[in-house]
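The next block holds one structure in the form of structure tokens; read it before the comments.
The chains referred to below are lettered A, B, ... by the order of the sequence lines, with proteins before strands, and numbering in each begins at 1. Below, all heavy atoms of this structure are taken into account, side chains as well, without hydrogens, waters or symmetry copies.
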Amino acid sequence: MEQFLQQLLNGIAVGGIYALVALGYTMVYGVLKLINFAHGDLFTIGAYLGLTLLVSAGIAGALPLFAAILLVFIMVALFVALIGFLLERTAYRPLRSAGRLSAVVSALGASIFFQNAIMLIYEPRVYVFPDFLRPTFTISLFGFTFPGIRLFIVGVSILLMLLLWAFIQKTRVGTAIQAVAIDQDAARLVGINVNKIISLVFLIGPGLGGIAGLMVGLYYGQIDFTMGWGYGLKAFIAAILGGIGNIPGAMLGGFLLGIIEALAAGYISMAWKDAIAFFVLIVILIVRPTGILGERTAEKL
Amino acid sequence: MHDTTAAHHFHAEKNKTVGRFFEHNKRSVFYVALILLFAAFPLTGSSYWIDLGVNIGFYTLLALSLNVILGQAGIFNMGHMAFYGVGAYVTAILNTVWHWPVFWTMPLAGCAAGLFAAIVARPIIHLRGDYLLIVTIGIVEIVRIALLNDIGGLTGGSNGIFGISRPVLFGFKIVKPIHFYYLVWGMVAVSYLLFYMMRRSRFGRALNYIKTDDVAAEGCGIDVAHYKLLAFVLGATWAGMTGSIYAAKMTTIAPESFNFMESCIIFAVVILGGGSQLGVLISALLFIGLPEIFRQFNDFRMLLFGLAMMLMMIWRPQGILPMRPRLYAVSKKLFSGAKESTSKGQEKIA
């Protein structure tokens with residue numbers, strides 16, 4: 001029971017990270033029908049930037065730990081959001097009228113570019129988050145002790161998701177994002193500035209992704225410049241699992257994938273963990289291609 | 001006087017014929033020159049250049065085989081390395097465990113890759129483009145992880161398999177890079193020709209139709225799923241056979257050679273090529289060859305590669321050499337209004 005609960009909480013923590021990254025994929029896919037392959041690398045940028053700000057820039061030393069982490073979360077989100085915005089402007093906007101495959105290749109190029117840029121700016125080695133950055137307190141719940149960092153990550157990711165959900169559902173701009181995702185031309189007709197909405201999506205998605213990157217660093221304590229591929233792919237699986245283009249779907253898919261993976265790693269085989277995620281994906285696509293929350297829509301002719 | 005004019009006349013006529021020959025056979029002349037260029041390349045270069053040539057040859061073969069799937073049938077396959085890997089491992093296992101000669105294993109490697117492709121693609125081939133892209137990424141990752149985990153105790157885990165013997169062709173042992181150069185580029189030439197012929201066949205035309213508009217194709221009675229699956233299996237089989245030669249060239253293979261990143265690069269090479277075979281060839285030379293040439297800028301090499309991919313797509317989203325719409329000869333009688341010739345003309349169009 002103890003092991004099961006720990007695995008479950010671990011799964012929820014990792015799932016929260018997947019969900020945050022998956023939101024970026026699913027929102028971009030919603031408005032542009034583009035798989036943003038560079039999203040995983042924006043996530044990596046978040047992790048590296050967070051480490052730099054905390055340690056090299058000395059924010060962790062100047063402020064109490066929690067305040068420092070909170071401040072760095074915000075700074076990372078803003079910076080990565082800016083990179084996402086510039087990425088859309090330079091690499092995707094000129095290709096909007098071209099075929100979708102051209103944009104995919106451009107996204108792959110951007111991904112390779114970012115990955116190597118990180119490698120050149122930092123060194124091609126594993127970076128370790130110093131221990132003092134990682135909260136070590138534990139929390140007792142129902143007679144079990146849980147590491148505080150896990151609960152912290154679960155808490156932050158759920159909070160961010162609730163904020164996003166409220167923004168999408170309750171504000172005018174959020175409604176406009178939904179409208180653009182459903183039908184760009186119709187959205188334009190009712191006076192929505194589609195270009196601005198797309199830019200906004202490229203601010204929100206990478207912002208959340210950057211925060212998720214820093215959370216991985218805090219959670220596992222180490223980062224490397226290639227980690228974006230793996231997390232990016234997992235998050236994309238999560239997005240499809242929940243139904244691509246569907247925001248609550250990405251959240252659900254993220255948590256679900258995290259839990260499945262943690263339990264599979266704990267009870268089946270650690271070595272096959274990654275393969276199991278892809279296996280789940282293939283099964284979902286065969287059984288229900290639109291994902292769990294995705295709506296079945298008729299193919300447009 | 002009379003003589004000289006005649007000679008002059010004759011000369012002019014001859015020049016004209018030569019000119020006309022070039023005019024009419026521009027294509028043949030171009031391809032003969034291209035073949036001569038590739039054949040002569042090893043005479044000038046050092047073994048480093050020849051090795052590079054072999055490497056580009058492997059990528060070109062892979063890109064040509066992926067072009068059948070992606071460029072002709074329009075199926076988004078980002079896991080082509082899976083089939084390459086299956087082919088390479090089948091050859092490696094048959095060769096090191098049962099000591100089969102490499103060339104004997106080649107058809108089997110192709111069949112194994114094709115069969116694997118048929119099994120995995122059968123349930124997913126009807127999916128929409130993006131989903132297929134993700135599933136094929138899943139396939140290449142699952143294959144890599146399976147190889148890493150030493151399935152059946154045959155694949156050797158992360159160390160892979162070593163000690164694969166050299167292929168022997170009619171008693172001639174293929175050992176040196178230059179031998180492999182001619183073998184691989186010979187295969188490129190044969191594949192190029194076969195795929196060219198395939199494109200003009202009924203099968204190729206059906207694929208072209210499916211790529212352009214699969215709903216309309218279905219409406220015209222083309223079994224879309226069936227043709228797509230055939231194209232997928234054909235491309236995978238070709239990749240498997242290429243993998244077989246790759247195993248023999250390297251003598252050592254490991255799971256990391258068949259990863260997702262490599263699949264992405266092949267995918268990009270095909271899209272950047274634009275769909276025509278010549279475009280794919282040029283794109284492979286540019287995008288695999290150039291980064292190798294700039295080896296001394298090792299660190300910046302891949303950075304520039306990524307940048308080039310983005311710039312190329314922005315500058316030329318349709319690729320280097322897109323497939324031209326094919327022209328069909330329509331009989332002149334069609335326009336003169338002769339009734340019985342109408343059906344003849346249509347036959348040619350169809």
Side-chain angles (χ1 to χ4, degrees), chain A residues 29 33-35 37-38 41 87 90-95 97-117 119-120 124 226 229-230 233 236-237 239-240 244 269 271-287 289-291 299 301, chain B residues 70 74 76 78 120 122-124 126-146 148-150 157 213-216 259-261 264-265 267-272 275 299-319:
Chain A
Y29 191 89
K33 302 288 173 282
L34 162 75
I35 302 174
F37 276 101
D41 299 283
L87 172 70
T90 51
Y92 302 151
R93 188 163 293 189
L95 284 168
S97 57
R100 279 159 68 187
L101 274 184
S102 313
V104 166
V105 170
S106 186
L108 282 172
S111 169
I112 294 173
F113 176 81
F114 281 135
Q115 194 171 321
N116 284 279
M119 189 194 81
L120 288 173
T226 56
W229 280 109
L233 274 178
F236 195 75
I237 293 176
I240 291 182
I244 186 95
S269 158
W272 287 86
K273 193 183 90 174
D274 293 343
I276 286 165
F278 284 108
F279 186 71
V280 169
L281 166 80
I282 291 174
V283 170
I284 276 285
L285 282 181
I286 292 170
V287 180
T290 48
E299 277 290 302
L301 291 183
Chain B
L70 176 62
F76 296 3
M78 216 181 245
V120 295
R122 181 70 190 79
I124 55 162
H126 64 279
L127 291 175
R128 254 190 20 228
D130 300 333
Y131 290 111
L132 216 54
L133 196 78
I134 292 301
V135 175
T136 48
I137 293 173
I139 290 168
V140 75
E141 281 294 284
I142 289 176
V143 166
R144 188 181 63 86
I145 294 164
L148 267 178
N149 284 325
D150 200 5
D213 189 338
D214 57 346
V215 178
N259 61 19
F260 167 50
M261 180 78 192
C264 283
I265 289 176
F267 184 89
V269 163
V270 171
I271 301 293
L272 290 164
D299 293 341
F300 288 95
R301 194 164 64 96
M302 289 310 282
L303 190 82
L304 295 177
F305 181 82
L307 202 62
M309 270 165 78
M310 286 190 274
L311 291 178
M312 264 299 296
M313 279 291 108
I314 292 166
W315 172 57
R316 224 181 139 77
Q318 72 274 41

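- For Ile314(B) against Pro94(A), the heavy-atom pair with the smallest separation is CG2-CB, 3.9 Å.
- Only the side chain of Tyr29(A) comes within contact range of chain B, with at least one heavy atom under 4.5 Å from a heavy atom of that chain.
- Between Ile142(B) and Ile282(A), some side-chain heavy-atom pair lies under the 4.5 Å cut-off.
- Of all heavy-atom pairs spanning Ala98(A) and Pro317(B), the tightest one is CB-CB, 3.5 Å.
- Pairing each heavy atom of Met309(B) with each of Val105(A), the nearest pair is CE-O, 3.5 Å.
- Here the closest heavy-atom approach between residue Met310(B) and residue Ala91(A) is recorded as SD-CB, 3.7 Å.
- Of all the listed residues (Leu311(B), Leu272(B), Leu307(B)), the one sharing the greatest number of non-hydrogen pairs under 4.5 Å with chain A is Leu307(B).
- Here the straight-line distance linking atom CD1 of Ile286(A) with atom OH of Tyr131(B) works out to 14.0 Å at 0.5 Å rounding.
- Interface remark: of the candidates Cys264(B), Ala268(B), Ala308(B), Gly319(B), Cys264(B) forms the most heavy-atom pairs closer than 4.5 Å to chain A.
- Contacts of Leu108(A) with chain B are made by both backbone and side-chain atoms, with heavy-atom separations under 4.5 Å.
- With a 4.5 Å cut-off on non-hydrogen atoms, Ser111(A) does not touch chain B at all.
- In this structure, chain A has no heavy atom under 4.5 Å from any part of Met312(B).
- For a residue to count as touching a neighbouring chain, one of its non-hydrogen atoms must lie under 4.5 Å from one of that chain's; by this rule Phe37(A) touches chain B with the side chain only.
- For the atom pair Gln318(B) CD and Ser102(A) OG, the distance stands at 8.0 Å (nearest 0.5 Å).
- Top candidate by heavy-atom pairs under 4.5 Å with chain B, chosen from Phe236(A), Tyr92(A), Trp272(A), is Trp272(A).
- With a threshold of 4.5 angstrom between heavy atoms, Ile134(B) approaches chain A through its backbone and through its side chain.
- By the 4.5 Å heavy-atom criterion applied to side chains, Val104(A) and Phe267(B) are counted as neighbours.
- In this structure, chain A has no heavy atom under 4.5 Å from any part of Leu148(B).
- The parts of Leu285(A) that come within reach of chain B are both its backbone and its side chain, each placing non-hydrogen atoms under 4.5 angstrom from that chain.
- Only the side chain of Leu233(A) comes within contact range of chain B, with heavy atoms under 4.5 Å apart.
- At least one side-chain heavy atom of Ile112(A) sits less than 4.5 Å from a side-chain heavy atom of Met261(B).
- Between Trp229(A) and Phe260(B), the ring planes lie perpendicular to each other; the angle is over 60°, past the 30° to 60° tilted range.
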